[in-house]
Amino acid sequence: MGAVGGAAYGLNPLFAVPLYRSGMDASSVVFFRYLTAVVLVGLLARLMGHSLKLDRKLLLVAFCLGIMVVGSSLTLFHSYNYMDVGIASTILYVYPVMVAAILSLFYNERMNLQTGFCIFLAMMGIALLYVNDEGTQLNAIGTVFALASALTYAIYMVCINKSRLRKVPMVVVTFYILLFGLVIYLPMTLCGFRLTPVTTVNQALLVLCIALFPTVISFVC
């Protein structure tokens, strides 16, 4: 499940980059991604026989997690505008290192030699990416966006496993996280933010794929 979830999440640029080239911006891609995913997850929850009712206190936790998830998606998608999508996505996968560090610092979980060695290898791998074969350095803005995406996703991973939400069916949790993520766009719209609409069949298929694979399948797994 972890391998499938990780591989599915890594498919983000496969669908996001063609949407950029078709004229959509990062915020619009994320909005339609989550809008479509909410519908898919809601249908999946009902097919699996789960109730969508959730305790008020858990709704507040899900709302905060929704902000983190959308923040992670937005920063990752913005990083694609400044650097190679393969490198940006590779930097994103430093999030397991961040999860281990957060658990060690704030939850007193002991970090064994194997975990420490894996963290060392991950950091060395990112260091090797800093300068490519042509001698060009990584874009600083793109790197900051990618690292910010990794950090917010790491915090999300820790919070969802340390809160009472871990006892709730994951499809139900995912539904509310995506739903509350969409709420972020309401004040943005009131402040003059305009969404780039989906106008072609190709765009619609790409939005469906980015909602299904790196969102629904990844989050549920």
Gap between atom [atom2] of [Y] and atom [atom1] of [X] - 0.5 Å precision:
X: Leu58; Y: Lys167; atom1: CG; atom2: NZ; result: 10.0 Å
X: Tyr95; Y: Leu147; atom1: OH; atom2: CG; result: 14.5 Å
X: Leu60; Y: Tyr176; atom1: CG; atom2: OH; result: 14.0 Å
X: Asn12; Y: Phe213; atom1: CG; atom2: CZ; result: 12.5 Å
X: Asp84; Y: Asn139; atom1: CG; atom2: CG; result: 11.5 Å
X: Thr174; Y: Leu179; atom1: OG1; atom2: CG; result: 12.0 Å

I'd like to know whether Met83 forms a side chain to side chain contact (heavy atoms under 4.5 Å, CB included) with Ile91, so could you lay out the CA-CA distance, the side-chain angles of the two residues, the decisive distance to 0.1 Å, and finally the verdict. CA-CA 11 Å; Met83 63 198 307; Ile91 292 175; 3.8 Å; yes

Listed by chain and number, what are the ring-ring contact (aromatic ring centres under 6.0 Å, His included) partners of Phe63, not counting sequence neighbours? Phe180

Contacts of type ring-ring contact (aromatic ring centres under 6.0 Å, His included), residue Tyr80, not counting sequence neighbours: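 For Tyr80, the residues satisfying ring-ring contact (aromatic ring centres under 6.0 Å, His included) (neighbours in sequence not counted) are Phe77.
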
Side chain [X], main chain [Y], donor-acceptor under 3.5 Å:
X: Arg46; Y: Leu43; result: no
X: Tyr34; Y: Ile177; result: no
X: Thr36; Y: Phe32; result: yes
X: Ser89; Y: Val85; result: yes
X: Ser72; Y: Met68; result: no

Does the side chain of [Y] come within less than 4.5 Å of [X]'s, by heavy atoms?
X: Val61; Y: Arg164; value: no
X: Asn81; Y: Tyr20; value: yes
X: Leu195; Y: Ser27; value: no
X: Leu65; Y: Leu165; value: yes
X: Ser104; Y: Glu109; value: no
X: Val158; Y: Leu103; value: yes

Sequence neighbours excluded - side chain to side chain donor-acceptor pair (under 3.5 Å) pairs with any residue from residues 206-219: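 Non-adjacent pairs meeting side chain to side chain donor-acceptor pair (under 3.5 Å): Arg33-Thr215.
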
Output every pair passing side chain to side chain donor-acceptor pair (under 3.5 Å) with a member in residues 110-128, not counting sequence neighbours, ordered by first then second residue.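 As it turns out, the side chain to side chain donor-acceptor pair (under 3.5 Å) pairs with a partner in residues 110-128, which skip direct neighbours, are Asn112-Thr115.
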
Residue pair [X] / [Y]: nearest heavy atoms and the distance that separates them:
X: Ala88; Y: Ala146; result: O-CB, 3.9 Å
X: Ala150; Y: Leu92; result: CB-O, 3.4 Å
X: Ser149; Y: Leu76; result: OG-CB, 3.3 Å
X: Gly66; Y: Ile184; result: O-CD1, 4.2 Å
X: Ala100; Y: Ile119; result: CB-CD1, 4.0 Å
X: Val172; Y: Ser51; result: CG2-O, 3.6 Å

Pair His50-Leu44, side chain to side chain contact (heavy atoms under 4.5 Å, CB included): steps then yes or no: CA-CA 9 Å; His50 294 304; Leu44 179 61; over 6 Å; no

Grouping I, L, V, M, F, W and Y whenever their side-chain heavy atoms are under 4.5 Å apart, do [X] and [Y] come out in a common cluster?
X: Leu59; Y: Ile160; value: yes
X: Ile87; Y: Met98; value: yes
X: Leu14; Y: Val4; value: yes
X: Leu52; Y: Leu182; value: yes
X: Leu212; Y: Leu47; value: no

Under 6.0 Å from the [atom1] atom of [X], do we count more than 12 heavy atoms belonging to anything else shown?
X: Met1; atom1: CE; result: no
X: Leu113; atom1: CG; result: no
X: Phe117; atom1: CZ; result: no

Just by distance, with hydrogens left out, do Tyr82 and Thr143 show a side-chain donor and acceptor under 3.5 Å apart?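 Side chains of Tyr82 and Thr143: no pair found under 3.5 Å.
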
Step by step, would you call Phe219 with Met170 a side chain to side chain contact (heavy atoms under 4.5 Å, CB included)? CA-CA 8 Å; Phe219 282 29; Met170 190 48 61; over 6 Å; no

Determine, stepwise, if the pair Leu208 / Leu40 fulfils side chain to side chain contact (heavy atoms under 4.5 Å, CB included). CA-CA 9 Å; Leu208 178 62; Leu40 294 177; 4.2 Å; yes

List for me each residue that meets side-chain contact (heavy atoms from CB on, under 4.5 Å) alongside Ser22, sequence neighbours excluded, and say none if there are none.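 side-chain contact (heavy atoms from CB on, under 4.5 Å) list for Ser22, sorted by chain: Leu19, Met24, Gln203.
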
Can you list the residues that meet the side-chain contact (heavy atoms from CB on, under 4.5 Å) rule with Thr90, with sequence neighbours excluded?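 Checked Thr90 against side-chain contact (heavy atoms from CB on, under 4.5 Å); matches are Leu129.
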
Starting from the C-alpha separation in whole Å, work towards a yes-or-no answer on ring pair (Phe, Tyr, Trp, His ring centres under 6.0 Å) for Tyr9 and Tyr153. CA-CA 11 Å; Tyr9 198 70; Tyr153 194 69; 4.8 Å; yes

